[in-house]
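What follows is a short report on a single structure.
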Amino acid sequence: MGVQIRNITKTFNKFVALKNVTLDVQPGELLALLGPSGSGKTTLLRIVAGLEFADPGHGQILFHGEDVTYHSAYKRRAGFVFQHYALFQHMNIFENVAFGLRVRPRKLRPTEDEIRDRVFTLLKRVQLEQLAKRFPSQLSGGQRQRIALARALAIEPRVLLLDEPFGALDAKVRKELRRWLRQFHEETHLTTLFVTHDQEEAFELADRVAILSEGNIQQIGCPKEIVQHPTNTFVHDFLGLDI
């Protein structure tokens, strides 16, 4: 069932950020939210995460069929990766990845041996197990973003949410991480919602792309379909198509 977003409306004072948005993310799919600044894509991602809430009485969020509309971010168990890493500078890499496990309620907290095994499994998955004792300041931007991803995965999320995860990196590193993330997704098949304003990034990474403008979804489909058959003038102009 993946993620089901139903009739989400969100206003900030008099500004309408989202207008009755409905969207389905299929199980195991990587779906990109693409659009210009102010289009509502990050607001929608934060509502899915439980970091923001839709206007009262306007909308519903379901994870794999479970209504999580009014659940806290913690209870939803969504892994969230931000643009600027949000790593704890005073903790080494091992402790950063272990953080989400250590703060669980005592009854749900893994043993120290279980935490160690899980952290090193994740560090190996992101190909950085040799850096466990280093601190974030000793890592490159690309390495820090992979550690941020490992930390998000440590809680065994039901859904992975990525908010412009490569936006702070230079072009060469972005391309390398895009390839790495696509391969990672093909191995894990974790239902993923990915926010970006970069068309190349969205079309290279995503199974499907939802294009937003002024709080509405203008078009959703696979990259080839969108490029060949834009549904309106906004999509055509936003993509810079010559057809």
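Please read all numbers here as calculations on a predicted model, not as lab measurements.
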Check: Thr231 and His236 side chains under 4.5 Å, non-hydrogen atoms
no

Co-members of Phe99 in a cluster of I, L, V, M, F, W and Y side chains, linked at under 4.5 Å
Phe88, Met91, Val103

Are the side chains of Ser39 and Phe238 in touch, meaning some heavy atoms are under 4.5 Å apart?
no

I'd like to know if Arg102 pairs up with Glu112 as an ion pair, taking the criterion as any Lys NZ or Arg NE/NH1/NH2 lying under 4.0 Å from an Asp or Glu carboxylate oxygen.
yes

With the side chain counted from C-beta on, respond yes when Leu193 and Leu162 share a heavy-atom pair under 4.5 Å apart, and no when they do not.
no

Applying side-chain contact (heavy atoms from CB on, under 4.5 Å), can you list everything that pairs with Thr196, at least two apart in sequence or on another chain?
Leu34, Glu164, Phe194, Asp198, Glu201, Ala202

Could you pull out all residues at least two apart from Phe63 that satisfy ring-ring contact (aromatic ring centres under 6.0 Å, His included)?
none

Below 30° counts as parallel, above 60° as perpendicular, anything between as tilted: where do the rings of His185 and His189 land?
perpendicular

N-O pairing of Arg6 and Asp24 below 4.0 Å
yes

Nearest heavy atoms of Leu123 and Val97, plus distance in Å:
CD2-CG2, 4.0 Å

Of all the heavy-atom pairs spanning Arg182 and Leu30, show the shortest one and how long it is.
NH1-CB, 4.2 Å

Determine whether Arg118 and Glu156 make a side-chain contact, defined as any pair of heavy atoms from C-beta on separated by less than 4.5 Å.
yes

Would you say the side chain of Ile211 lies within less than 4.5 Å of the side chain of Ile226, judging by non-hydrogen atoms?
yes

Would you indicate whether the side-chain heavy atoms of Leu190 and Leu153 approach each other to under 4.5 Å?
yes

What residues, two or more places apart in sequence or in another chain, satisfy side-chain contact (heavy atoms from CB on, under 4.5 Å) together with Thr121?
none

Charged N to carboxylate O below 4.0 Å: is that the case for Glu200 and Arg178?
yes

Show the nearest heavy-atom pair for residues Gly28 and Asp207, with the distance to one decimal.
O-OD2, 4.3 Å

For the pair Asn92 (side chain) and Phe94 (backbone), establish whether a donor and an acceptor sit closer than 3.5 Å, ignoring hydrogens and angles.
yes

Taking C-beta and beyond as the side chain, do Leu149 and Phe184 meet within less than 4.5 Å on heavy atoms?
yes

Nearest non-hydrogen partners of Val21 and Gly215, listed with the distance
CG2-O, 3.3 Å

side-chain contact (heavy atoms from CB on, under 4.5 Å) with Asp55: which residues, sequence neighbours excluded?
Thr9, Lys10, Thr11, His58

Those residues at least two apart in sequence (or on a different chain) that pass side-chain contact (heavy atoms from CB on, under 4.5 Å) with Lys75 are His71, Ser72

Student check: side-chain heavy atoms of Glu204 and Arg179 closer than 4.5 Å:
yes

Is the distance between the ring centroids of Phe53 and Tyr70 less than 6.0 Å?
no

Shortest non-hydrogen contact from Ile93 toward Pro136
CD1-N, 4.0 Å

Applying side chain to side chain contact (heavy atoms under 4.5 Å, CB included) between Gln145 and each of Val126, Leu87, Leu181, Leu177, report the one that passes.
Leu177

Val3 and Thr191 have their tightest heavy-atom pair at CG2-CG2, 4.2 Å

Glu66 and its salt bridge (Lys or Arg N to Asp or Glu O under 4.0 Å) partner, picked from Arg77, Arg76, Arg158
Arg158

